[in-house]
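Everything below concerns the one structure shown next.
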Amino acid sequence: MATSTTASRDLRQYECGPFLFSDRADHDWYDRHLMFDHVVSPERASQRERFEAVARSLRDLLTQRWLLTQQTQEQANAKRVYYLSMEFLIGRSLVNNIVNLGVEQFVRDDLTTDPQQDWAAVIETEPDAGLGNGGLGRLAACFVESLATLQIPAMGYGLRYEYGIFRQEIENGYQVEHPDHWLMQPDPWEVPRPQETVQVPVACSFRLENGVIRAVPGQASHLLGVPYDRPIVGYGGRTINTLRLWGASSPDVFDFGEFSSGDFVGAMLDRLVAETVTRVLYPDDSTSAGQALRFVQEYFLVSCSLADIVARFQRSNDDWNALPDKVAIQLNDTHPAMAVGELMRILLDQGGLGWDEAWDITVRTLAYTNHTLLPEALEKWPARMFELVCPRLLEIIYEINRRFLDGVRELYPGDNGRVETLSLIEESGERNVRMAHLAVVGTHSTNGVAAIHSRLLRDAVLPEFAELFPDRFNNKTNGVTPRRWLLVANRDLSSLITEAIGDGWITDMSRLRELLPLADDAGFRQRFREAKRSAKLRFADWLKATTGQTVDPDTIFDSQIKRIHEYKRQLLNVLHVIVLYNRLRDDPTLQIPPRTFFFAGKAAPAYQLAKLIIKLISNVGRTLDADPVSSGRLNVTFLPNYNVSLAMQLIPASEVSEQISTAGYEASGTGNMKFMMNGALTIGTRDGATIEMAEEAGEENFFLFGLTADEVADSRGWYSPGWHYDHEPETKRALDLIRDNHFSPDEPGIFGPILDTLLARGDYYMHLADLTAYSQAQQQVSALYADPEAWTRKAIINVACSGKFSSDRSIAEYASDIWGAEPCPVGD
Ligand code: 26V
């Protein structure tokens with residue numbers, strides 16, 4: 001029995017029987033959690049229990065610094081940043097927390113000496129938290145990590161969806177969606193804080209009728225927002241900020257009236273209905289029905305978060321006018337744009353301020369980031385939904401609009417067209433609130449996420465607003481966290497870099513430029529190639545183990561991984577593969593370096609054409625595999641269930657990064673940056689942040705091709721895909737092969753809708769306009785790959801020039817230009 005040797009008051013001295021840890025003393029730090037959380041002996045614990053125990057132990061380790069961070073920031077009464085986002089695509093946390101806390105060596109050593117632990121298995125057991133759709137959600141996750149690393153007092157606010165983005169399976173080439181119940185087992189990172197629950201007033205109540213939730217107008221009720229906090233560990237483990245996710249609940253577990261009258265099931269319904277609000281993440285799909293719940297989700301996020309922010313502010317301040325000096329709220333897209341109305345409501349109705357004062361405080365506190373120019377993704381909410389759920393917000397929005405338009409009329413007398421264009425309310429047909437207009441008018445900053453996107457936002461999408469508020473419009477080019485996307489994801493390359501230039505790059509990515517001279521060092525190039533080779537082998541092993549798919553590491557790894565969308569042009573990629581295939585069929589002796597074209601990405605469940613694109617990719621892959629002319633030389637692999645973890649495996653192993661959106665449509669892209677840092681060469685259009693990446697590395701180290709955004713816009717009137725079909729034999733043959741059911745012998749005609757979009761419906765995203773230029777650029781890729789020294793030289797230059805794309809740089813710019821926030825160092 002292990003008893004305390006000191007006189008301290010240690011309950012353990014009362015433990016009886018042989019002390020269970022005696023022979024496993026090294027592993028005590030997680031064995032205790034195994035035993036006492038799960039009541040299981042280490043030998044019998046399941047893999048899930050082992051993961052939970054390790055994660056719990058890590059949480060113990062960080063708890064004191066987490067508390068110290070809160071104390072330090074509160075005492076300093078420093079300005080705090082609040083990042084409001086409907087999505088945080090965080091992925092797994094265990095390894096990143098271990099690395100950022102600086103305890104990797106200890107944990108690794110300890111786990112490898114424990115025969116009952118398997119480091120890789122522990123890591124893979126953690127669910128991939130998919131609380132986001134794609135770029136916007138992943139950006140939010142990178143941003144909160146950088147905020148913590150830069151020691152800026154900050155908090156993320158989001159929703160605790162019980163089901164994240166759906167799990168994708170591919171059956172016979174078709175996407176099939178399955179629910180992702182990631183919280184089925186308790187999440188070791190989250191800390192529920194029921195005592196900080198907030199109330200969300202709702203002007204209606206909800207009833208379940210025949211399995212459908214219906215609003216009962218006029219019957220006011222409220223929801224409860226229960227906070228669940230997650231630690232966000234900055235690199236070096238000094239600052240640990242908080243990501244607070246709200247879960248919805250109902251005030252009464254039972255309606256006692258109904259309960260006592262015998263309706264037990266009815267009594268439980270309120271709670272069931274309330275919890276529905278945070279049940280599931282909406283897939284990025286502007287066409288899907290059932291949007292009313294999404295509206296309530298957005299209102300719920302805003303109402304909970306602002307109540308919390310204001311309570312926090314009031315703990316240390318008593319003058320509302322100090323709010324903009326103490327609080328900066330960033331709206332991640334228009335999804336939380338109701339914050340404009342809600343903050344006004346709080347200042348007017350709770351604070352008792354006059355309109356002008358409240359308005360000044362609101363505008364100076366809030367800022368807005370736009371993430372897309374696609375018109376169908378610009379949010380509009382029916383006024384009737386506001387009336388039903390939060391009529392006071394609508395009243396305030398109408399008043400904001402009345403005053404705003406009065407000002408416009410004064411500036412532009414008689415210009416009714418302009419008034420209609422600028423109005424926050426769309427009056428034609430059903431009355432809608434234009435959320436982007438509300439966001440621009442109600443905040444002091446509107447930013448785009450790459451230089452070209454900010455320019456188009458200002459000049460093409462919202463020119464009348466830019467004329468009114470020229471100082472509000474600005475650019476903040478996106479970035480990604482180098483901790484997750486290089487240090488953790490790519491051990492071989494990050495060690496090589498550290499060996500060459502020291503580890504300062506981890507928190508100062510501009511230091512990567514010190515690698516530039518090494519691009520001309522044959523020995524370094526050799527080691528760089530070895531690092532890529534081992535990443536490819538690791539990926540191949542991982543893929544075999546997790547999905548059973550096999551890939552040949554002696555082929556070029558070429559990747560296009562992102563949401564499936566027409567504007568991202570996965571179709572252009574496939575058409576080029578078919579062009580290559582036709583060339584091989586014409587001349588089987590043709591020398592082309594063998595390639596594997598990886599595709600991964602989810603299609604919104606209601607986006608039929610995107611789903612058909614997945615089917616085409618799968619079928620092309622199958623056909624090329626079965627044809628001796630292409631088998632082993634052109635491989636097309638669709639990797640199911642794209643998520644953060646898959647990206648962390650594939651990006652380090654990739655050699656070619658496909659960034660081929662129609663110019664002017666990809667706001668920024670962030671995957672492009674991850675590939676660049678990991679030494680892939682980019683083939684891409686002049687779109688989003690790819691333009692700035694090429695600027696940094698030099699265009700001679702990039703494969704840029706295709707129409708520019710201006711050329712796309714200028715050719716809208718006269719572009720004719722039919723011309724390309726008629727005049728470009730390779731284009732015609734590729735499309736004809738699809739039409740002739742070469743890829744769909746068992747399901748003839750299924751790809752008709754794809755051919756229709758390209759040929760009969762005008763090819764809106766201009767695939768055919770760019771196909772020839774794309775094929776030529778791809779030929780240059782192949783030619784360069786045949787010269788490994790020249791290829792590696794360019795790859796090294798790309799890594800060396802990727803520093804700008806660290807989210808630390810983005811966050812530093814937001815902090816100084818938009819938030820006026822500064823680091824608040826947490827001491828020892
Ligand atoms: C729209 C909707 C509409 C209905 C319900 C769910 C939902 C979810 C998301 C969206 C808009 C997504 C916008 C987006 O993800 N934009 C991406 O943002 C990235 C980060 O700035 C950027 O790199 C990508 O280029 C941009 O497409």
Side-chain angles (χ1 to χ4, degrees), residues 83 85-89 130-143 158-159 161 164-166 280-298 301 330-337 368-381 435-436 439 446-454 456-457 475-481 485 561-569 601-607 647 659-676 684-685 687-693 709 805 807 810-811 814:
Y83 200 83
S85 178
M86 287 288 283
E87 307 190 4
F88 285 90
L89 223 183
L131 309 186
N133 275 286
L136 167 145
R138 184 52 234 174
L139 187 79
C142 284
F143 275 10
L159 295 184
Y161 303 108
I165 185 74
F166 61 86
V280 59
L281 168 82
Y282 265 77
D284 175 359
D285 172 19
S286 26
T287 58
S288 83
Q291 291 282 300
L293 181 61
R294 167 85 183 184
F295 178 86
V296 177
Q297 287 184 337
E298 293 185 359
L301 170 68
Q330 191 68 31
L331 308 177
N332 200 23
D333 217 298
T334 55
H335 313 154
Y368 155 60
T369 305
N370 173 283
H371 293 272
T372 179
L373 302 176
L374 290 184
E376 66 267 29
L378 292 181
E379 281 191 303
K380 287 172 197 165
W381 286 119
M435 302 306 281
T446 293
N447 76 280
V449 290
I452 184 186
H453 168 237
S454 298
L456 292 171
L457 183 66
N475 175 56
K476 293 288 166 280
T477 299
N478 282 167
V480 302
T481 168
W485 295 108
I561 53 176
K562 48 186 81 218
R563 286 299 289 253
I564 311 292
H565 202 292
E566 288 163 271
Y567 85 79
K568 294 179 186 280
R569 296 202 296 194
K602 293 173 184 175
Y607 190 170
Q659 307 300 334
I660 57 177
S661 52
T662 315
Y665 287 87
E666 188 68 270
S668 162
T670 45
N672 48 0
M673 302 168 182
K674 298 164 195 169
F675 281 107
M676 184 188 192
T685 46
D687 201 12
T690 303
I691 298 175
E692 292 161 69
M693 286 162 40
F805 306 101
S807 44
S810 312
I811 287 299
Y814 276 89

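Every number for a ligand or one of its atoms is a count from 1 in the order of the listing. We use all heavy atoms of the structure for the numbers below, so side chains are in, but hydrogens, waters and symmetry mates are not.
Contact between Arg138 and Leu89 at its shortest, heavy atoms only, is NH1-O, 3.1 Å. When all heavy atoms are compared, the tightest approach of Ala603 to Phe166 is O-CZ, 3.3 Å.
Considering backbone and side-chain N/O atoms, His335 never comes within less than 3.5 Å of an N/O atom of ligand 1. Checking only distances, Ser668 does come within under 3.5 Å of ligand 1, N or O to N or O. Geometrically, ligand 1 and Gly669 share a nitrogen or oxygen pair separated by less than 3.5 Å.
Contacts of Met86 with ligand 1, taken as heavy-atom pairs under 4.0 Å, are absent altogether.
Side-chain contact of Thr477 with Glu692: a donor-acceptor pair under 3.5 Å is present, judged by distance alone.
Residue contact annotation: Ala689 has no non-hydrogen atom under 4.0 Å from ligand 1. Taking 4.0 Å as the cut-off, His453 does not count as a neighbour of ligand 1 on heavy-atom distance. Residue Tyr567 places a heavy atom less than 4.0 Å from ligand 1.
Ligand-side atoms of ligand 1 in range of Pro283: 5 (C), 6 (C), range being under 4.0 angstrom from any heavy atom. Heavy-atom contacts of Asn133 reach the following atoms of ligand 1: 8 (C) (cutoff under 4.0 Å). Applying the 4.0 Å criterion to heavy atoms of Glu87 picks out, from ligand 1, the atoms 8 (C), 9 (C). Of all atoms in ligand 1, listed by their number and element, those nearer than 4.0 Å to a heavy atom of Ala667 are 25 (O).
With distances taken over non-hydrogen atoms, the option nearest atom 15 (O) of ligand 1 out of Leu136, Asp687, Thr369 is Leu136. Looking at Gln297, His371, Arg138, it is His371 that brings a heavy atom closest to atom 18 (O) of ligand 1. When Asn672, Asn478, Val449 are checked for heavy-atom proximity to atom 20 (C) of ligand 1, Asn478 turns out nearest.
Using a distance-only test at 3.5 Å, with no hydrogens or angles considered, a donor-acceptor pair links the side chain of Thr685 to the main chain of Ser661. Side-chain N or O atoms of Tyr607 include one that pairs as donor or acceptor with a backbone N or O of Glu566 at under 3.5 Å.
Tyr567 and Tyr665 have tilted rings, their planes meeting at an angle from 30° to 60° on a 0 to 90° scale.
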Before giving the answer on side chain to side chain donor-acceptor pair (under 3.5 Å), spell out for Asn332 and His371 the whole-Å C-alpha distance, their side-chain angles and the decisive distance to 0.1 Å. CA-CA 8 Å; Asn332 200 23; His371 293 272; 2.5 Å; yes

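Between the NZ atom in Lys674 and the OG1 atom in Thr481 there is a gap of 10.0 Å [rounded to 0.5 Å]. Going from atom CG of Asn447 over to atom NZ of Lys476 covers 6.5 Å, rounded to the nearest 0.5 Å.
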